[in-house]
Amino acid sequence: MVFPYVKALRKSPVEIGNAIGNYLVANTSTVSSFNVVQGFLNISIADSAWVDLFTSIFKDKTFGQLPDKNEVVMVEYSSPNTNKPLHLGHLRNNFLGFSVSQILAANGYKVVKTNLVNDRGIHICKSMLAYQKFGNGETPESSGLKGDHLVGKYYVEFDKHYKVEIEALKSTGLSEEDAKKQAPLLLEAQEMLLKWENGDTETVNLWKQMNEWVFAGFGQTYEKMGVSFDKIYRESETYLLGKKFVEEGLKSGVFFQKEDNSVWIDLTEEGLDQKLVLRKDGTSVYITQDMGTAELKYNDFKMSKSVYVVGNEQDYHFEVLFKIIKKLGRPYSEGNYHLSYGMVDLPSGKMKSREGTVVDADDLMQEMTDTARERTLELGKTEGFSQAEANELYHTLAMGALKYFLLKVDPKKRMLFNPEESIDFQGHTGTFIQFAHARICSILRKAHEKGIIGKTTDYHVLHEAEREVIYLLSQYPQIVADAGRELSPALISQYAYDLAKAYSRFYNEINIFNEPDKNAQQFRVAFSGIVGETIQKAMSLLGIKVPSRM
RNA sequence: GGUUCCGUAGCUCAGCUGGAUAGAGCAACAGAUUUCUAAUCUGUGGGUCACAGGUUCGAAUCCUGUCGGGAUCACCA
C-alpha cells in the first residue's frame, strides 16, 4: 500500500510502487517479482525464502513458546455455587479460564489457576433445609446420584415448597413481595444461616456433609472437563475478610460513614454511584469479601496480573472493585482484569435452573460422548483399539467438539446453543482440526515404515498450498502473543482452523509418497510433522487433545 | 431512565489498532476416491455490514445520533 507516500513524495501511486518494487527485486533475494495495482504494491516471495522460513521454524525446538517473562499472573475461574450442579454456562467459564491460563503460560508467564468456591450463604442453607426436611437420610450411595446432583435436587425441592407457601400466603391477601419475605421456609433458612454463622454443631456438620458430596461431584466433572486448579479458595474461609480495609479506608477518607453507621464509597466522580461496603450492622457485603480475597491472593502469590473470569452480569461489580482497590492504594492496584463473557442462550431464551431449562454439564458431556461413539463406529479408523483406547478417543472427540464450539466465539459476545441441532462434528469444528492431526500422524507413521526421514532440503519449487501453510506456520508466535494480550482463545481457535484447512487443501492436492523427487518427499514429511505439532500446540492452548488416529 | 455490551449471508460466527472484489461453516445445488484416513477437497448461488450523518484519498472498522436486543444500576452473592 503506497498511499501514505503519495503526499510526501508528490508522485503518483504507480511511480512509487514501481520504484519500491524495482529496488526490492534488485537488492534482496526474498522478493522475486512484483506488480502495482490501484495503489497496492504486490510482491512475490521467492520459494527459497519460503523454504528458509520453514527451516527456521523446523529448527526452533521451542517454536510457539514465548520467552520467560518472570512474572506471576493469576487466573481465577469456575467459581461454582455448592448448591447446584454445573451447567452449560459453567462450561464456557471453565473452558475459557483454563484456555486463558494455557495461553498466558505460552506467553512466558508463571500462571496460578484459582477457584473461589461459593460455599456459604442463604442459597446453600436452602438446599440444606430442604434436605433436612425431605431428605430421609438419602446419600449419593443410596440414591445413585452424583453428590452435586443430589444437593441440587434439594435446592429445587426447596423452591417447589417455597412457591407453594407463597401462593398460600397470597391467597390470604398478602402481596407477592410480602409473601416472599414471610414464607416460613425462607424464615427457617435465614435462621439456619444465623446458626451456621454462630457455629451451631448440627448445622455445621450437615453443611460439611453436603459440601463433601458436592465437592466429590464437582471433582468428577472437572476431571471430565479437563480443567484443574492450583489453589482453591472458599468463601466460607474468606467472607469475614476485608473489614480491615473499611477501617483503613475510613481513616484515609476513601470511605465515609452514614448516620446509620453503614459505610460507603463515593464514586460519582468516576461516573459511577455510591456503593455500600459495610452494612449498618457491621457485616460484610460481596464487595467487602472480594477486597479481602484480593489481598489474601496477593499475599499468597505476589502476582503482577490478575484475571477474573466471570460473566458479564458482573461488569459493574468488577469496575467498582478495581476502582476501590486503586483508591486504597494496594500494591496490586494495577493489572486487574475482568474477563467478561456473555451468557450462553438457548433458543427458548435464558437458562433458568428453577424452571428446568438448564443444560446440565454432565448430561451434555455424556451426550456428546455418545454421539462421538456412534460417529466413530460409523466412520472411524480404529482397528486394533482396546476398549479403553476407544473410550478415550470418544471422550477426546466429544470434548474437542464441545470446547471448540464454546471457545471459537469471541468471549464477550453472548452465544446461542441449540440442543436440537446440537454440536457439529463437521465443518468449522474441533473435530475437523483433530481429523487433520490424525491424518498427519498417519502420514508420519507411513513415512516411518518406509524409512523416509523428514528434513529440510533444497526442494525449491513449492506448490501454492505449501506456501500458504508455511505462511500460517510463521504467524503462530504472533497469534500466541495476540491471544495473550487480548486474553482471547477465539484467536487461537480461528488460527488452528485456518492451519488445518490450509493443510487439508495441501493434502488433497499434493501426494507425498508417489512423489518421485526425494527432496520434495522429505521436505513434505518434515512439513507435515511441523503442521501436526503446531496444531497440537494450538489445540492444547484451548485445552483440547488431538488424537493420532480417529 | 442512567451506564455498558452487542447488531455482518436463511442460520451460527470471523473480519473491527481504517485499505483492493466483506470471509468461513451449516443448510441448498454440482463435482472429486484403482493413489498417503471422504469426519475431506473443489465449485455455484446467497450481503442496503441495523439506519442516518460526519472525519478521510479510502469506513463493516473511527466519531455523533436514531432504532432493535442483552446485561446492570440491592444493606443478595
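Below, all heavy atoms of this structure are taken into account, side chains as well, without hydrogens, waters or symmetry copies. Protein chains get the first letters and strands the later ones, always in sequence-line order, with residue 1 at the start of each.
Relative orientation of the A:Trp196 and A:Tyr239 rings is tilted, given thresholds of 30° and 60° on the angle between their planes.
Place A:Ala500 and A:Ser284 on RNA chain B by their nearest nucleotides, and A:Ala500 ends up nearer the 5' end. Remark on RNA chain B: of its neighbouring residues A:Asn511 and A:Leu491, the 5'-side contact belongs to A:Leu491, judged by nearest-heavy-atom nucleotide.
Of the listed nucleotides (B:A77, B:U72, B:C36), B:U72 has the atom at the smallest distance from the side chain of A:Glu313. The nucleotide whose nearest atom lies closest to any side-chain atom of A:Asn514 is, among B:U42, B:C73, B:U35, B:U35. Checked against B:A20, B:C75, B:G25, the side chain of A:Lys280 finds its nearest nucleotide in B:C75.
Side chain of A:His395 to main chain of A:Glu392: no donor-acceptor pair is present (N/O by atom type, distance under 3.5 Å, no hydrogens or angles). The main-chain N or O of A:Gly430 is never found under 3.5 Å from a side-chain atom of A:Lys403 such that the two would form a donor-acceptor pair.
Checked by distance alone, A:Asn42 brings a side-chain donor or acceptor within 3.5 Å of a matching partner on the base of B:A20.
An OP1 or OP2 oxygen of B:U17 is reached within less than 4.0 angstrom by no side-chain nitrogen or oxygen of A:Arg485. One finds no side-chain N or O of A:Lys275 lying less than 4.0 angstrom from the OP1 or OP2 phosphate oxygen of B:C73.
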N/O-N/O pairs, protein side and nucleotides 38-40 of chain B side, under 3.5 Å:
| unit_1 | atom_1 | unit_2 | atom_2 | d |
| --- | --- | --- | --- | --- |
| B:A38 | OP2 | A:Arg439 | NH2 | 3.0 |
| B:A39 | N6 | A:Thr376 | OG1 | 3.1 |
| B:U40 | OP1 | A:Gly427 | N | 3.3 |
| B:U40 | O2' | A:Arg439 | NH1 | 3.2 |
| B:U40 | O2' | A:Arg439 | NH2 | 3.2 |
| B:U40 | O2' | A:Asn508 | ND2 | 2.9 |

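You cannot call A:Tyr497 stacked on the base of B:A24; the centres under 5.5 Å and planes under 30° rule is not satisfied.
Across every strand in view, B:G7 sits in a pair with B:C67 that passes the Watson-Crick or G-U test at under 3.5 angstrom.
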* Structure fact -> Protein heavy-atom contacts under 4.0 Å, written 5' to 3' over nucleotides 3-10 of chain B as B (base), S (sugar-phosphate only) or - (none), form the string --SSS---
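A salt bridge is defined here as a Lys NZ or Arg NE, NH1 or NH2 lying under 4.0 Å from an Asp or Glu carboxylate O, and A:Glu176 with A:Lys180 meets this definition.
By the 6.0 Å and 45° rule, A:Arg92 does not stack over the aromatic ring of A:Tyr341. For A:Arg549 and A:Phe385, the positive end is not near the middle of the six-membered ring at less than 6.0 Å and at most 45° from its axis.
The OG atom of A:Ser493 lies 10.0 Å from the CG atom of A:Leu541; values are rounded to the nearest 0.5 Å.
Taking the six-membered ring for Trp and the full ring otherwise, A:Phe506 and A:Phe527 have centroids separated by under 6.0 Å.
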* Would you please test A:Asp119 and A:Thr82 for side chain to side chain donor-acceptor pair (under 3.5 Å) and show each step? => CA-CA 5 Å; A:Asp119 63 345; A:Thr82 52; 5.9 Å; no
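Atom NZ of A:Lys323 has more than 12 neighbouring heavy atoms from other residues, nucleotides or ligands inside a 6.0 Å radius.
Using a 4.0 Å cutoff on non-hydrogen atoms, the parts of residues 115-123 of chain A near RNA chain B are A:Asn118, ordered by number.
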